[in-house]
Structure formats: C-alpha cells, structure tokens
**Student:** 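Would you mind keeping the following structure in view while I ask a few things?
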Amino acid sequence: MISFVFYLAFLLIFVVFAVYAERKTAAFIQNRLGPMEVGPKGILQTIADLLKMLQKEDIRADAVDLIPFLVAPFIVFAAVFTGYSVLPINEVVGGSGISAGVFFLLAVVSLDVLGILMAGWASNNKYSLYGAMRSVAQIVSYEVPLGISVLCVVIISGTLDLSQMSANQSHGLLSWHIVNHPVLIIPFIIFFIASLAESNRTPFDLPESESELIGGYSTEYSGFRWGMFMLAEYGMMLLLSILGAVMFFGGWSSPIDDFGTGPIWGSIWLLSKALILIFVQMWVRWTLPRLRVDQLMSLSWKYLTPLSIVMLFICALWKLWIIS
Amino acid sequence: MGIFIQILLVLLTLLGVGIIVYTRNIVHAAYALCLALVGIAGIYVILMSELLAVVQIMLYAGGVVILLAFGVMMTNRLRGDKVISGSNNALIGAIISLSLFSALAYLISNANFRTANIDHNDQIREIGISFLTEHIVAFELIAFVLLVALVGAAYLAKMAGDE
C-alpha cells in the first residue's frame, strides 16, 4: 500500500520533469537550446503547459461513441498504473506480495491495449483507428520477446517476486544479474527494445506518428483526457525502466558492497538506475528515425522472438551447468 | 472487508455479462466481455488462486478479447455493415442453454471437490512441479495440441496469401 502511494506521487512529479528533460535532451541532441523562457533555463515550462492543458475545453465530437470515448484514457492509465503495485521501493517496503509477481505485472500492463483500441474506435476517425490498430499490432507482437526475456531472468534468479529478485543481487556490483550472469546481456537488449515498443516510443512510435496520423488514437482528445494518455505513456516508460533496473541492475542494491545501504539509499539507487534507463530511452528517441510498419513486424517476429527463444535455451543451460 | 470486495466483483461480472446479452453493439459487447473476465479474475484472487487469476487476465482479457475486438472492427470496416447483434432462433437457443445450464449445475453441485494444501507464497512452484511430474501426460498433450493449432494457423495464412 505504501509503495502504491509513493509511486503515484513520484509518477506525477516525474512526468512534469520528464517532459522538460525530454525537450531539453532533444534540444541538445539537435544543437539548439530548447525551452528557455519560463523560469530559469525554462524549468517551469512544463508547469505552464500543464496549467494550460487543464484549462482546455474537453471537446467531444458529435459522432464519437460516447461512453467508450470518455472511459478509454482512464483504462489505459489504470492498466499501466496497476503494474506498479508489485514493484518494490527498497528492502523495507516491497510491493504487493502476490506470488505471481512479474507475471502479474506483464498481464495487467497488456490490458492497456484494450483502452487504446477503445479510444481509436470510439473516436470515429480513420486516423485514430489506424493509430489504434498499429498500436495493438505492435504491443501484442512485442509482448512475446518482452515476456521471453523476462523469463530468462526468472530462470536465472529462480523467483517471480521482484523484492526477492532484488535481494538476491544485494552484494555490490558483482552480484548484479547482468554482471554476475553475462548471459543476460542479450536478453537485456531484447527487453530494452521491446520496452520502447511497448511504451510507443520512437523508433516505434508509429501509432501516434504526427507526420502520418496526426497523433493516432489521441487525435480526437483534448485537455485532461489527452493528458491522461501522456501520463500513461510516461508511466509505462517509468514502469518498464524500474522493472529493467530490478531485473538486470540489482534493484535497490548499491553498486559498492557496504556503501549506501538502508531504506532511503535503497530507493535512491533504484530510482536513479531507472532514470538512467529513461535517459537512454530519450537519447534513442531523438537519434533514430521511425521504422516502417513491415520493418517493425519483421524485427519482432523474425529477429527478436527467435533470438529470445535461443537465449531462453542458453539461460536454462547456464542455470543447469554454471550456477548449480 | 473481503466479502464486500467479493460482492463488488460479482456485481461487476454480472454487469459485464448483462451488457453482453442486452447490447446491440458488438464492439461494446467485446468491451463488456473484458469487464466480466477481469471480474472473474478478481474472484480468483479472493479465493487465493493467484496464478489462475493472472493467466485469466493475460490470456482471456489481454489476448482473446483483444483479438475478438480487432476482428470485429476489421470486419466492419471491410464489409461496411453495421456491427449490431440480433436474436435469431430464440426457441432452440433457449432449449440448448437451459439444458447446458442444468447439466452443468447438476454436475457442479454433485462434484466432490478436494482442497489442495498449497503454500500461498509459493503456489507457482508447486503447480509447476505437479505439471511436470503428476500431470506430465496432460501437459505434453496440451503442448502438442497448441503446436498443431499453430502450424495449422500458419498453413491457413499461407494458403490465403497464395490466392
């Protein structure tokens, strides 16, 4: 329960700064300054944007399918946020004690597809529907390599519980999964690529590509409901980054054996690892161009899925011969 | 507390099922099916069967319903029909569903359910071990059936592509 409240507050603050960080990162990569006007170095820009967004009219076109149209943003956000319930914060405050752990997380997060489909269909707009169709095809396809790469970690660590998984890696840098079991490096790369696709980020942002689909499934939304979609996108990024930090980079454990232990340090370590992963996501977004639909599908089904199945086999052999 | 949540989940499931039966819009029916399935998954959680709940959400709510909704939407856009459902063959339907209901009710009320002693913190491990020891034949059989279905689906897709 504590972790749930903590993550809700953290997510809301995170989104404000992440939007600013995203714009600044983009600006520096493209050799310009980015937002500079509001506040010192433009740091209050997102707060100004947020206030503007909340005051906007909640526009509902005449031909929308009203109830699904109104409910869809909340389903997307609820599905993503339910995933946070199993994440640990530090060694004292774990997540929900459900024994299915990370499996539960992947299952509930996959429900956000339904919200996206609902939004695209209910908008009664061909661009929205194309966006939703692309998004569903993409998320359903990339769930396969994502799930299998998570399974590789589960095989190695022998538990589905994320708190237990972090506790197994709490003896400094050398006990982290990715260092202790180098066989997990390729599953991490697969996980990272799939997590970009799951949160609809460039190079996989086809569902909302502005130049082709004017925003995809969120085209007809405005004001607060549009904000919910943005919140869910950033929430998904943060969720999968924290999951990556827990599964591959030791969760709340410090890189140096005895330095910086305890609950407060634990949460600082976990969140800073996750934020570094988010920075890499932003970096990728502003460096790589968008994929075509057929390239997107062939990347998932012809490369990532077979590779992840091979890695699953190798991880099982590693578990059999090296660990035990 | 538990009983209130349970009642809430039952009402949620009934609401979902009610919408499926009474709505004329097939897309709405697909959404409502998802609501009903999530409600049932919640009841599984209350009954301490977490794995079943997660599998229910992942396979049915997250997989089958999405494909269903996807299929309905594609069909509508391709053929240009209105997606509405009607009621045909009411008498035969009523007879079939009543007999199915009474058969199931009879079997379930006379069934002799055993309670398994499973440690709730480690139920996935125990279920996994029993799959690979006690129920290995059933497990392998299901895997084989799924493989056949997969190969069949790929073959059908190939045939459709050739034409």
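Residue numbers begin at 1 in each chain, while the letters A, B, ... track the order of the sequences. In what follows, every heavy atom counts, from backbone to side chain, and hydrogens, waters and symmetry copies are set aside. It should be emphasised that the depicted structure is a prediction, and the values quoted were computed from it without experimental measurement.
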**Student:** Are the side chain of A:Q169 and the backbone of A:M165 linked by a donor-acceptor contact shorter than 3.5 Å?
**Tutor:**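 Yes, the answer is positive, given that a donor and an acceptor are paired below the 3.5 Å cut-off.
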
**Student:** Could you tell me which portion of A:L111 (side chain, backbone, both or neither) has an atom closer than 4.5 angstrom to a non-hydrogen atom of chain B?
**Tutor:** side chain

**Student:** With a 6.0 Å cut-off on ring centres, are A:Y130 and A:Y127 close enough?
**Tutor:**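 Centroid distance A:Y130-A:Y127: not below 6.0 Å, so no.
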
**Student:** Given that the side chain runs from C-beta out, which part of A:L160 has a heavy atom under 4.5 Å from chain B: side chain, backbone, both or neither?
**Tutor:** side chain

**Student:** Please flag which part of B:V45 lies under 4.5 Å from any non-hydrogen atom of chain A: side chain, backbone, both or neither.
**Tutor:**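 Neither part, no heavy atoms under 4.5 Å.
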
**Student:** Quick one: which of A:L117, A:V140, A:D112, A:V113 has the most heavy-atom pairs under 4.5 Å with chain B, could you say?
**Tutor:**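 Looking at each option in turn, the highest pair count goes to A:L117.
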
**Student:** Classify the ring geometry of A:Y221 against A:F229: parallel below 30°, tilted from 30° to 60°, perpendicular beyond 60°.
**Tutor:**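 Geometry flag for A:F229 against A:Y221: perpendicular rings.
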
**Student:** Angle class for the A:F81/A:F77 ring planes (parallel below 30°, perpendicular above 60°, tilted otherwise)?
**Tutor:** parallel

